[in-house]
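Since the structure comes first, as structure tokens, the remarks are kept for the end.
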2 protein chains.
Amino acid sequence: MKATPTSSSIEDYVKVIYSFTEWQDKPITSTQLAARLGVANSSVSEMVRKLKDQDLVDHEPYSPIRLTADGLKLALAMVRRHRLLETYLVRELDFSWDEVHDEAEHLEHAVSETFIERMSAKLGHPTRDPHGDPIPDAQGHIVMPPSHRLDELDAGHRGQIARISDHDPELLRHLQANGLGLDTKLEVIGRRPFGGTLEVRKLPSSFSPSSPAVPSSPDDADRLDLGEEAVLSLWLVTQGTHLDCTVQEPTAGSLMSPRNGR
Amino acid sequence: MKATPTSSSIEDYVKVIYSFTEWQDKPITSTQLAARLGVANSSVSEMVRKLKDQDLVDHEPYSPIRLTADGLKLALAMVRRHRLLETYLVRELDFSWDEVHDEAEHLEHAVSETFIERMSAKLGHPTRDPHGDPIPDAQGHIVMPPSHRLDELDAGHRGQIARISDHDPELLRHLQANGLGLDTKLEVIGRRPFGGTLEVRKLPSSFSPSSPAVPSSPDDADRLDLGEEAVLSLWLVTQGTHLDCTVQEPTAGSLMSPRNGR
DNA sequence: CGTACTATTTCGGTATACCTAAAATTTATA
DNA sequence: TATAAATTTTAGGTATACCGAAATAGTACG
């Protein structure tokens with residue numbers, strides 16, 4: 001089965017299905033999809049049937065939903081749109097970090113391919129957006145930085161913030177107020193038992209992992225406690241490896257394995 | 001009756017109703033509306049009923065359709081969006097004159113008020129778009145240049161191109177190829193009987209109406225014949241008066257009289 | 001001044017994308 | 001392993017915005 005009519009709802013469904021597996025690989029369920037889209041479960045069931053008819057997803061009743069190669073291609077095109085738009089809004093129209101998401105959400109369905117490519121050119125073909133998310137190229141190739149979510153790291157680990165989830169503008173403002181942004185260097189000091197908080201220390205941006213001499217400032221105003229939401233929203237690149245890459249090939253028949261390579 | 005749900009269809013209807021009376025004052029009929037929107041007459045009848053319920057138009061069955069003050073306010077907001085977007089696409093994203101219309105048509109329904117105002121600021125709050133159409137300000141005030149359509153002018157009239165209808169990208173490219181653009185100075189030489197064509201002469205841009213000495217170059221390569229479509233798509237400002245203004249007040253209870261002031 | 005013609009509206013119908021409630025299936029637990 | 005609980009699907013229904021065909025109102029002219 002195949003058809004062309006790609007509505008903006010279809011674009012949203014496919015994008016959410018993709019996003020779910022971008023940083024972990026369990027496929028999404030109907031209920032999770034419904035929650036993320038803000039629609040009823042029954043709406044998802046119907047829509048998934050339609051997506052299946054158009055060969056955008058694989059789905060057996062009562063099982064999770066996976067993108068086909070075509071679905072992945074469409075999803076990556078939408079993700080490209082979204083992330084380029086966010087980057088553009090921040091760089092060219094003085095939008096702040098926390099304002100761009102909703103605007104991009106609407107624009108991504110309205111702009112032409114021409115618009116997207118002109119915008120990408122104007123920006124110098126950026127490869128990551130203001131939150132650190134990688135931007136697929138026009139062919140749908142995406143390079144995932146080998147980052148780790150803060151809750152996976154133990155005391156002593158050092159790294160640079162590579163990605164900050166953009167779903168909560170509140171949190172973005174909070175982080176910014178505490179001096180945390182993309183590329184900020186951090187060291188994990190320790191985990192507070194339960195409650196999900198983590199103690200970290202900001203490292204001077206001059207600090208380089210190739211000079212592992214610890215610039216331990218004795219008593220430091222750079223210590224911070226991060227709450228659970230923050231811990232789950234921050235990803236670090238832990239190597240000196242600044243952009244170690246994995247190229248995804250969406251045109252291949254097989255699905256990508258989007259998990260980072262270590 | 002009043003309600004808030006302003007869909008993108010409603011926005012289109014209201015915008016087309018407004019546009020029809022922007023340069024002449026006969027109100028639009030159902031059939032004309034249907035033709036311009038590319039929908040069936042029956043669709044217009046239904047939709048006009050809805051617009052009336054929302055107090056956006058005045059309409060008696062079998063009569064033409066007029067905007068109410070609320071409708072005019074919405075229309076001017078949409079026109080502002082459209083024209084700012086066109087200006088932005090040309091100035092910031094290297095779109096050409098003839099490409100912008102369709103793109104703006106989609107974007108105008110998707111962008112936020114914030115986006116519009118940031119864009120306007122970035123552009124230095126322009127007052128006319130790339131085709132010469134006036135851009136209403138954020139309060140819905142619009143300044144109509146006192147221009148005349150080329151078909152209303154007689155031999156000997158001179159002026160500057162103030163507006164070029166943007167509905168036919170073909171025509172825009174044709175005019176550009178013949179060196180005609182916004183602010184090009186012209187003199188009407190004569191009318192060819194029937195067939196609608198008009199002979200004009202390009203004047204050097206240095207030519208000023210305050211020095212009415214005719215710089216009559218004897219045999220001129222600057223003569224052009226304009227076909228009917230071109231004649232109906234070009235407006236000239238004929239005075240030295242470069243931006244003589246009329247301010248429309250859409251919040252007033254009465255409808256504006258959008259015809260230029262002579 | 002009535003009839004033919006045109007413009008406009010009304011009347012069923014369609015497609016998309018939702019919803020709630022009920023039925024079916026899977027999973028978890030006692 | 002049977003039954004309760006949770007998940008997922010189906011069934012029936014809503015709103016928007018279209019359509020074509022039929023009915024109705026207005027206009028034009030012989």
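Quick note on labels: first sequence line is chain A, next is B, and so on, each numbered from 1.
Two rings, from A:H101 and A:H82, have their centers less than 6.0 Å apart.
Closest to the side chain of A:Y62, out of D:dT7, D:dC18, D:dA25, is D:dT7. For A:T29, counting side-chain heavy atoms from C-beta on, the closest listed nucleotide (D:dA17, C:dT16, D:dT8) is D:dT8. The nucleotide whose nearest atom lies closest to any side-chain atom of B:M47 is, among D:dT10, D:dA17, C:dT25, D:dA17. With D:dA17, D:dC19, C:dA17 as the choices, the nucleotide that has an atom nearest any side-chain atom of A:S7 turns out to be C:dA17. Listed nucleotides C:dT9, D:dC18, C:dA21 differ in distance to A:S42; the shortest reach to its side chain belongs to C:dA21.
In this structure, B:T31 reaches the sugar-phosphate backbone alone: every heavy-atom distance under 4.0 Å involves primed, P, OP1 or OP2 atoms, never a base. The residue B:S9 sits close only to the backbone: its heavy atoms come under 4.0 Å of sugar-phosphate atoms, none of a base. Base contact: A:A40 has a heavy atom under 4.0 Å from a base atom.
Contact check, B:S45 against C:dT10: no side-chain N or O comes under 4.0 Å of OP1 or OP2.
What separates CD of A:E11 from C1' of C:dA17 is a distance of 15 Å, to the nearest Å. The CD atom of B:Q32 sits 13 Å away from the C1' atom of C:dT8 (whole-angstrom rounding). The distance from atom CG of A:L37 to atom P of C:dT16 is 18 Å, rounded to the nearest whole Å. Distance B:L33 CG to C:dA7 C1': 14 Å, rounded to the nearest Å. A straight line from CD1 of A:I10 to P of C:dC18 spans 10 Å, rounded to a whole angstrom. For the pair A:Q54 CD and C:dA17 C1', the computed distance is 13 Å after rounding to whole Å. In this structure, NE2 of A:H109 is placed 11 Å from P of C:dA17, rounded to the nearest angstrom. Atom NZ in A:K50 sits roughly 10 Å away from atom C1' in C:dC18 (whole-Å rounding).
Take the nearest nucleotide of DNA chain C for B:S43 and for A:E46: the residue whose nucleotide is more 5' is B:S43.
Electrostatic pairing of B:E117 and B:R80 counts as a salt bridge here, judged by a charged N lying under 4.0 Å from a carboxylate O. Classification of B:E92 and A:K122 as a salt-bridged pair fails, no side-chain N sitting under 4.0 Å from a carboxylate O. Ion pairing between B:E11 and B:R81 fails under the 4.0 Å rule for side-chain N and carboxylate O. The pair A:R118-B:E99 meets the salt-bridge criterion, since a charged nitrogen lies less than 4.0 angstrom from a carboxylate oxygen.
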